[in-house]
2 protein chains.
Amino acid sequence: MKQEKKERLKKAGWKVGTTKEFLQLTAEEAALIEIKLALARSLKKRRMAQKMTQNELAKELGSSQSRVAKMESADATVSLEALVRSLLALGASRQEIGRIIGKKPVEPVS
Amino acid sequence: MKQEKKERLKKAGWKVGTTKEFLQLTAEEAALIEIKLALARSLKKRRMAQKMTQNELAKELGSSQSRVAKMESADATVSLEALVRSLLALGASRQEIGRIIGKKPVEPVS
DNA sequence: TGACGCTATGTCAGATATGACATACACTGG
DNA sequence: CCAGTGTATGTCATATCTGACATAGCGTCA
């Protein structure tokens with residue numbers, strides 16, 4: 001069920017339309033992806049606000065630059081856990097993380 | 001970085017001290033665990049509110065009763081992602097999940 | 001008592017995520 | 001133009017997580 005989708009992804013590449021429709025995501029999966037996107041955006045914003053490079057953050061996390069890049073782009077290979085860990089490492093509180101997750105995304109212009 | 005800790009654990013054997021000190025949890029790790037605990041509690045609460053058994057929920061999730069039990073007990077082998085997915089499956093919204101994560105836990109009696 | 005329904009715990013093969021590395025790209029200052 | 005700095009993307013071996021299964025505990029009902 002997860003595997004199927006990845007296959008489709010690899011073959012299809014990136015086209016337009018909502019992410020949800022194109023990937024045939026269920027509502028739950030769409031919500032999970034939105035959560036990850038919100039966290040990823042926050043992560044990048046926070047890192048930049050602290051004037052850190054991806055490499056510096058990676059070292060703090062005991063990870064590598066490439067993985068930080070993937071986190072910030074909400075790459076499919078990064079887990080929710082990785083995103084939350086990183087935000088915590090950048091000083092975000094539980095409450096802030098809760099807010100990031102709960103905040104409604106900006107509506108795209110129709 | 002996770003492996004290191006386990007190594008240390010195995011070598012050190014069993015000494016006393018608070019869990020936190022003994023396991024040498026950083027503040028970030030402690031926060032992550034608190035988040036997982038909050039989600040786990042909510043999961044159980046929600047499942048019960050819907051009068052579902054662990055088995056029923058497991059089937060909805062494409063999983064097994066044992067894993068649901070582990071989720072509800074915030075077992076170390078369950079990921080943040082699994083907890084969030086399960087809550088979404090039980091109908092929780094992004095906003096609700098944000099609130100669960102952000103909410104301060106009840107202080108233990110001193 | 002025993003049978004039944006629900007939950008808890010341990011284990012393990014297979015699936016998924018990770019850090020590390022290589023490499024490419026984009027931008028800037030010289 | 002080149003060199004340097006920061007970011008993006010692909011791959012791979014290994015670490016971690018997952019579903020499934022077995023089995024045990026624990027109420028409850030007859």
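Since the structure is predicted, the reported quantities are computational estimates derived from the model, not experimental observations. Numbered from 1 within each chain, the chains take letters A, B, ... in sequence-line order.
- A donor-acceptor contact closer than 3.5 angstrom links the side chains of A:D75 and A:T77.
- Straight-line distance from the CG atom of A:D75 to the C1' atom of C:dT16: 13 Å, rounded to whole Å.
- Using a 4.0 Å heavy-atom distance criterion, A:S79 is classed as a sugar-phosphate-only contact.
- On a pure distance criterion of 3.5 Å, no polar donor-acceptor pair joins the side chain of B:K70 and the base of D:dG19.
- For A:K36 (side chain) and A:V78 (main-chain N/O), a donor-acceptor pair under 3.5 Å exists by modelled atom type.
- Of the candidate nucleotides C:dA17, D:dA8, C:dT7, C:dT7 has the atom lying nearest to any side-chain atom of B:T53.
- Proximity of A:E60 to A:E56: side-chain heavy atoms (C-beta onward) are nowhere separated by under 4.5 Å.
- One atom, CZ of A:R47, and another, P of D:dT5, lie 17 Å apart when rounded to the nearest Å.
- In this structure, A:M71 places its CE atom 13 Å from C1' of C:dA20, rounding to the nearest Å.
- Taking 3.5 Å as the limit, the base of C:dC21 and the side chain of A:S66 contain a donor-acceptor pair of atoms between them.
- Between the CD atom of B:Q54 and the P atom of D:dG25 there is a distance of 17 Å, given to the nearest Å.
- Across all strands shown, A:K59 has no heavy atoms under 4.0 Å from either base or sugar-phosphate atoms.
- The backbone N or O of A:I101 lies less than 3.5 Å from a partner atom in the side chain of B:R94, making a donor-acceptor pair.
- Backbone-only engagement by B:A82 is indicated by non-hydrogen atom pairs under 4.0 Å involving sugar-phosphate atoms exclusively.
- Between the base of D:dA8 and the side chain of A:Q65 there is a donor-acceptor pair shorter than 3.5 Å.
- Counting any heavy atom pair closer than 4.0 Å across all strands shown, B:V78 reaches sugar-phosphate atoms only and no base atom.
- Rounded to a whole Å, the CG atom of A:N55 is 8 Å from the P atom of D:dG6.
- For the pair A:E81 (side chain) and B:L80 (backbone), a donor-acceptor distance under 3.5 Å is present.
- Contact annotation: A:K44 side-chain N/O to D:dA8 OP1/OP2 distance is under 4.0 Å.
- Of the residues near DNA chain C, A:R67 and B:M52, the one whose nearest nucleotide (by heavy atom distance) lies more toward the 5' end is B:M52.
- Atom CE of B:M48 is separated from atom P of C:dG5 by 18 Å (rounded to the nearest Å).
- A donor-acceptor contact under 3.5 Å is not formed by the side chain of A:E72 with the base of D:dA8.
- Across the protein-nucleic acid pair, A:K51 atom NZ and D:dT5 atom P stand 19 Å apart, rounded to whole Å.
- Separating the CD atom of A:E56 from the C1' atom of D:dT7 is a distance of 13 Å, rounded to the nearest angstrom.
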